[in-house]
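Following: one structure in structure tokens, then a few remarks.
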Protein chains: 2
Amino acid sequence: MNTQDLPANILDPNCPSRVIFQRIGDKWASLVIQVLGEGPVRFSELRKMVSVVTPKVLTQTLRALERDGLITRTVHAQVPPRVDYELTAMGESLLQPLSLLREWAESHVPTILEARDAYDDAQDEALLGSPSWAGRTGLPRG
Amino acid sequence: MNTQDLPANILDPNCPSRVIFQRIGDKWASLVIQVLGEGPVRFSELRKMVSVVTPKVLTQTLRALERDGLITRTVHAQVPPRVDYELTAMGESLLQPLSLLREWAESHVPTILEARDAYDDAQDEALLGSPSWAGRTGLPRG
DNA sequence: CCGTATCCTGCTTGATACTG
DNA sequence: CAGTATCAAGCAGGATACGG
């Protein structure tokens, strides 16, 4: 497998590479990964850190990540049950590309938000033809 | 704006950075971006390259990317209509983090697929207690 | 050629309640 | 504490048909 593969495969929805993109886009998965990037965390802690996600959804997320070999689940046989989740080596290796993406996001999100506002304004004007009425938002572009 | 922001914001589902992750996870958006990375492409070409996606869905994807300021839409007033889509500067800047992610995916996907298989096998055995029967049929739990 | 208009379906997400 | 079970809602994605 070389990295010079023709671009045809990345256009194939069946391309397994897509599974990663799915995980990234998953509402909670990427959050969990980044939290676990700082060390093992137990279930209840995870729930608290990731703004009160319901246990069902968190479990689904964790199971999916475990199935993909990105995290491990360790059950401590104790009277008060304790389960720790931790990144695997592969999971940790995902931290870097994820970080890069997060950095890109943080630095470009303001521009994106402005672009959306401008786009929506343009749509409004196109529909009405008369932008005489005062702008919706107090945020002019530029 | 430093990059040392407390990790609290990345855990907030309201954090605007999430919009990028959503786009990445979008079924067609990241594909379109990577296709457009090689130059402007017109609508029908895009449809062919990205394995026959329906026009509605492709339009949705393109509109969303345009609204975010990641691509531009250029209409050529011709007898046979011609519309070209092209990455903006910001869109191009997304190419690199995206590429990194794709490379990570391509190099780890085999391991992930193995992990999934192992996980599913373990589940089957846990349920049955007797893995004597030959390998799965490919369909876990009809 | 480049879309829009409808209608439809499955999956993701979640609220709520219950168990070892 | 760490989940599972059940039910319900919303929305992304898509099939099909039609319009500028």
Side-chain angles (χ1 to χ4, degrees), chain A residues 11-15 18-19 21-32 35-36 40-68 71-86 123 126-127, chain B residues 11-14 18-32 35-36 40-68 71-86 123 126-127 140-141:
Chain A
L11 302 180
D12 184 4
N14 300 328
C15 178
R18 301 303 314 281
V19 305
F21 289 76
Q22 302 274 115
R23 285 278 159 277
I24 302 298
D26 184 84
K27 188 164 185 179
W28 304 107
S30 55
L31 260 59
V32 168
V35 171
L36 261 43
V41 183
R42 57 193 300 183
F43 191 84
S44 55
E45 291 296 320
L46 223 35
R47 272 202 74 186
K48 277 178 272 181
M49 298 179 77
V50 179
S51 72
V52 285
V53 58
T54 62
K56 195 198 86 170
V57 175
L58 182 56
T59 299
Q60 280 181 347
T61 303
L62 292 169
R63 288 289 189 280
L65 293 174
E66 187 191 2
R67 194 172 95 104
D68 287 350
I71 68 175
T72 56
R73 177 174 178 270
T74 310
V75 181
H76 303 276
Q78 300 176 354
V79 186
R82 178 196 180 96
V83 180
D84 284 311
Y85 291 92
E86 191 174 5
Q123 293 303 318
L127 281 175
Chain B
L11 303 180
D12 185 4
N14 299 327
R18 302 302 314 281
V19 304
I20 301 305
F21 289 76
Q22 300 276 113
R23 286 278 160 274
I24 303 298
D26 185 84
K27 187 165 186 178
W28 304 107
S30 55
L31 261 59
V32 167
V35 171
L36 261 42
V41 184
R42 58 193 300 184
F43 191 83
S44 55
E45 291 296 319
L46 224 34
R47 272 203 74 186
K48 276 178 271 181
M49 298 178 78
V50 179
S51 72
V52 284
V53 57
T54 64
K56 193 199 86 171
V57 174
L58 182 56
T59 299
Q60 280 181 348
T61 303
L62 292 169
R63 288 291 189 279
L65 292 175
E66 188 192 1
R67 194 171 94 105
D68 287 351
I71 68 174
T72 57
R73 177 173 177 269
T74 309
V75 182
H76 302 275
Q78 299 176 354
V79 185
R82 178 196 180 94
V83 180
D84 283 312
Y85 292 91
E86 190 173 6
Q123 292 304 316
L127 282 173
R141 294 183 308 146

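Proteins come first, then strands; the chains are lettered A, B, ... in the order of their sequence lines, and each starts at number 1. Just so we're clear, the structure is a prediction, and the values are computed from it rather than from any experiment.
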Query raised in the report: Okay, side chain of B:Arg42, backbone of B:Tyr85: is any donor-acceptor separation there less than 3.5 Å?
Result: no
Query raised in the report: At what distance, to the nearest 0.5 angstrom, does CG of A:Asp26 lie from OG1 of A:Thr61?
Result: 5.0 Å
**Report entry** Gap between atoms CH2 and P, on A:Trp28 and C:dT13 respectively (whole Å)
**Finding:** 9 Å
Query raised in the report: With sugar-phosphate meaning primed atoms plus P, OP1 and OP2, does A:Gln60 contact a base, only sugar-phosphate, or nothing at under 4.0 Å between heavy atoms?
Result: base
Query raised in the report: Shortest non-hydrogen contact from A:Arg47 to A:Leu58?
Result: CG-CD2, 3.4 Å
Query raised in the report: How many angstroms lie between atom CG of B:Leu65 and atom OG1 of B:Thr72, to the nearest 0.5 angstrom?
Result: 11.0 Å
Query raised in the report: Side chains of A:Phe21 and B:Ile24: does their closest heavy-atom pair fall under 4.5 Å?
Result: yes
**Report entry** Verdict with supporting geometry, A:Leu31 and B:Arg18, side-chain contact (heavy atoms from CB on, under 4.5 Å)
**Finding:** CA-CA 10 Å; A:Leu31 260 59; B:Arg18 302 302 314 281; 3.2 Å; yes
Requested in this report: Using whole Å, report how far CD of A:Gln22 lies from P of C:dC11.
Outcome: 13 Å
Report summary line: chain B vs DNA chain D, heavy-atom contacts under 4.0 Å, first-to-last nucleotide span, 5' to 3', is D:dG13 to D:dG20
Query - N/O donor-acceptor pair under 3.5 Å between B:Arg73 side chain and B:Arg63 backbone - result: no
For nucleotides 1-4 of chain C, which of its nitrogen or oxygen atoms have a protein nitrogen or oxygen under 3.5 Å away, and what is each distance?
from, atom 1, to, atom 2, distance (Å)
C:dC1, O3', B:Arg42, NH2, 3.2
C:dC1, O3', B:Pro81, O, 3.0
C:dC2, OP1, B:Arg42, NE, 3.2
C:dC2, OP1, B:Arg42, NH2, 3.2
C:dC2, OP1, B:Val83, N, 3.4
C:dC2, OP2, B:Ser44, N, 3.1
C:dC2, OP2, B:Ser44, OG, 2.8
C:dG3, OP1, B:Arg73, NE, 3.2
C:dG3, OP1, B:Arg73, NH2, 2.4
C:dG3, OP2, B:Tyr85, OH, 2.9
C:dT4, OP1, B:Arg63, NH2, 3.1

Requested in this report: Output, in order, the C-alpha distance, side-chain angles, deciding distance and verdict of side-chain contact (heavy atoms from CB on, under 4.5 Å) for A:Val35 and A:Val50.
Outcome: CA-CA 8 Å; A:Val35 171; A:Val50 179; 4.3 Å; yes
Query raised in the report: What is the bend of the helix from C:dC1-D:dG20 to C:dG20-D:dC1 when you compare the axis at one end with the axis at the other, using five pairs each and rounding to 10°?
Result: 50°
Requested in this report: With rounding to the nearest 0.5 Å, note down the distance linking CG in A:Leu46 to CH2 in A:Trp28.
Outcome: 11.0 Å
Report task. Evaluate the side-chain proximity of A:Val32 to A:Val41: yes if any heavy-atom separation is below 4.5 Å, no if none is. Result -> no
Query raised in the report: Between B:Lys27 (NZ) and C:dT12 (P), how many Å, whole number?
Result: 11 Å
